[in-house]
Enquirer: 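There's a structure below that I have some questions on.
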Number of protein chains: 2
Amino acid sequence: MARLTGLVDWSKGYAVAVSDAQPVTRRTGGVARGRIDKRQKILDAAFAVFAREGYAQAGVDAIAAEAGVAKATVYNHFHDKETLLRAAIAASADQALTENLAVVEQLTERGESLRATLETVGIRLIQCYCREQSWALRRLLAAEITQFPDLLEIVQGRATERITEALADRMARLMIAGRLRAGDPRVAAEQFLALLTGPVEIRARLGTRQIPESERRDVARAAVDTFLQAYAVERPASG
Amino acid sequence: MARLTGLVDWSKGYAVAVSDAQPVTRRTGGVARGRIDKRQKILDAAFAVFAREGYAQAGVDAIAAEAGVAKATVYNHFHDKETLLRAAIAASADQALTENLAVVEQLTERGESLRATLETVGIRLIQCYCREQSWALRRLLAAEITQFPDLLEIVQGRATERITEALADRMARLMIAGRLRAGDPRVAAEQFLALLTGPVEIRARLGTRQIPESERRDVARAAVDTFLQAYAVERPASG
DNA sequence: AACTAACTAGACCAGTAAGTCTAGATAAAT
DNA sequence: ATTTATCTAGACTTACTGGTCTAGTTAGTT
């Protein structure tokens, strides 16, 4: 009866299910994971369908079909539709986080001009922000936040907050290195991100419009201009 | 059979239904509107329930109950659940727009210091942005945009876009008046808004956290600082 | 007072979807 | 070859809800 002989309470245990609830098979052998990649397939399909139709509208049948899997298999991996939602969102947030962190890491104090570095990082951050998956994640989160308030922690703890913090770290390094005027690195990070994503937000229309490459570059350049005018130590030759 | 003897196709006519589909009673008399304020009650209730539960989850019964009205009455005013959603969102967007425009209008070239004016306007804009209804509207829009793409035009045409444009107008005036460095007023408007709402967005956690008054003031001040350092004509005495 | 349009309460139908269950297929490990 | 865990297809139960309809009520207008 009990599927795990009572080792863990799975009824609400999304914290476990979310991170790595590997089915038993995975651990039995050495090479292992006979066809447990189905789990990932289900997660991907679930995210896609949830994003497209919304939680309430999304049918588990549809998710199973999109994953190329039987409905029972879905319930084999995830106890609940709700659990599935949390897992899918967590997985997507993790993915978005690593992408963003990789970009933030490129913001070092050494290297050519600070302006050029900021612009490159800016363009890449905008790229991340404009991924279809990113838009879907933000939309889905906004949609279901009132029904499942804990989604906020699942995502915020994995994405927005951590990215801002990582960027703040870099800003602090730049300030210490004398490349940026001293100030609150957290505010600097927030404002840099705001200058990048704010204009994008308006122009992208919640992700329904694809912003052309050139426009994204313009936004990044304008953002860096404004940012540097406020935070650069020596004034760049203007005009 | 046809409720309006075929004058208008009501089956999908949200453009009409949205703006002012007043029931006949309203026009029969002079003083009129016997109890047609029910329409507003329904709209308010619908927005509240849609925002709380999401479109798919929201039951028309629940909306009727919250409006203090029979279900049939809802269908008397609005042909469809879908029509009701559009109408409710449009009404809410209209309201948000007028509030925001009233604030933007306060940004004139005369008056004490430009910095003080910008700060006041900034604080008020943040206030508008943080209204529970504003958050609900943005969340709801994000939630249903994939299902009802036309919602975007209903809202964007009434809110975001118009506000940005109005602000850009003011920026242009300030540039012409020599109070701001000449440049693209549209970009200035976007960046000013971004500097205000970006940090608020992160801190408010999709509207689930109430930002204290002092924190909002800090954000506005920081935004104005950065903005003026980039756009002021003469450098403000720093330090 | 008579008329009329909007309202109410509640029954009702039809469609849909979460979650369970059964019986059988597949494939890794011993 | 046998065992064991997962998988599949699909029927099934249960519950909910959009929209309609009916019968009767309320209140403004003439």
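Owing to the predicted nature of the structure, the values given are computational and were not obtained by experimental measurement. So you know, we letter chains A, B, ... as the sequences are listed, proteins then strands, and number each from 1. All values below come from the heavy atoms of this structure, side chains included, with hydrogens, waters and symmetry mates left out.
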Enquirer: Tabulated below should be each protein N or O lying under 3.5 Å from an N or O of nucleotides 17-23 of chain C; please produce it.
Expert:
{"unit_1": "C:dA18", "atom_1": "OP1", "unit_2": "A:Ala58", "atom_2": "O", "d": "2.9"}
{"unit_1": "C:dA18", "atom_1": "OP1", "unit_2": "A:Lys81", "atom_2": "NZ", "d": "2.9"}
{"unit_1": "C:dA18", "atom_1": "OP2", "unit_2": "A:Val60", "atom_2": "N", "d": "3.0"}
{"unit_1": "C:dG19", "atom_1": "OP2", "unit_2": "A:Tyr75", "atom_2": "OH", "d": "3.1"}
{"unit_1": "C:dG19", "atom_1": "OP2", "unit_2": "A:Lys81", "atom_2": "N", "d": "3.2"}
{"unit_1": "C:dG19", "atom_1": "N7", "unit_2": "A:Lys71", "atom_2": "NZ", "d": "2.7"}
{"unit_1": "C:dG19", "atom_1": "O6", "unit_2": "A:Lys71", "atom_2": "NZ", "d": "2.8"}

Enquirer: Check A:Ala51 against B:Thr146 and note the closest heavy-atom contact, atom names and distance.
Expert: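 Heavy-atom minimum between the residues: O-OG1, 3.7 Å.
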Enquirer: Within the pair A:His77 and D:dC7, is there a side-chain N or O less than 4.0 Å away from OP1 or OP2?
Expert: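 For A:His77, the contact criterion (side-chain N or O under 4.0 Å from OP1 or OP2 of D:dC7) is met.
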Enquirer: Kindly confirm or rule out a cation-pi arrangement of A:Arg124 over A:Tyr129, judged by NZ or CZ under 6.0 Å from the six-membered ring centre and within 45° of its axis?
Expert: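 Cation-pi check for A:Arg124 and A:Tyr129: fails.
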Enquirer: Mind checking ring-ring contact (aromatic ring centres under 6.0 Å, His included) for A:Tyr55 and listing every partner two or more places apart, or none if nothing turns up?
Expert: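 Testing A:Tyr55 for ring-ring contact (aromatic ring centres under 6.0 Å, His included), a comparison that skips the adjacent residues, returns A:Phe50, A:Phe148.
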Enquirer: Specify the separation, in whole Å, of atom CG of B:Asn76 and atom P of C:dC7.
Expert: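 Rounded to whole Å, this separation is 6 Å.
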Enquirer: How about A:Arg205 and B:Gln156: does a side-chain donor come under 3.5 Å of a side-chain acceptor?
Expert: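 Result is no, nothing qualifies.
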Enquirer: Is the Lys NZ or Arg CZ of B:Arg170 less than 6.0 Å from the centre of B:Phe192's six-membered ring, within 45° of the axis?
Expert: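 The answer is no; the distance or angle limit is not met.
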Enquirer: B:Asp169: what forms a side chain to side chain donor-acceptor pair (under 3.5 Å) with it, not counting sequence neighbours?
Expert: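 B:Asp169 satisfies side chain to side chain donor-acceptor pair (under 3.5 Å) with no residue once adjacent residues are dropped.
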Enquirer: Report the distance from atom CG of B:Asp37 to atom C1' of C:dC7, rounded to the nearest whole Å.
Expert: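 Taking CG of B:Asp37 and C1' of C:dC7, I get 13 Å after rounding.
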Enquirer: With a 4.0 Å limit, can you tell me whether B:Lys38 has a side-chain N or O closer than that to the phosphate oxygens OP1/OP2 of C:dT8?
Expert: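 B:Lys38 to C:dT8 OP1/OP2: side-chain N or O found under 4.0 Å.
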Enquirer: Report the distance from atom CD of B:Glu53 to atom C1' of D:dT17, rounded to the nearest whole Å.
Expert: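 Distance, rounded to whole Å: 13 Å.
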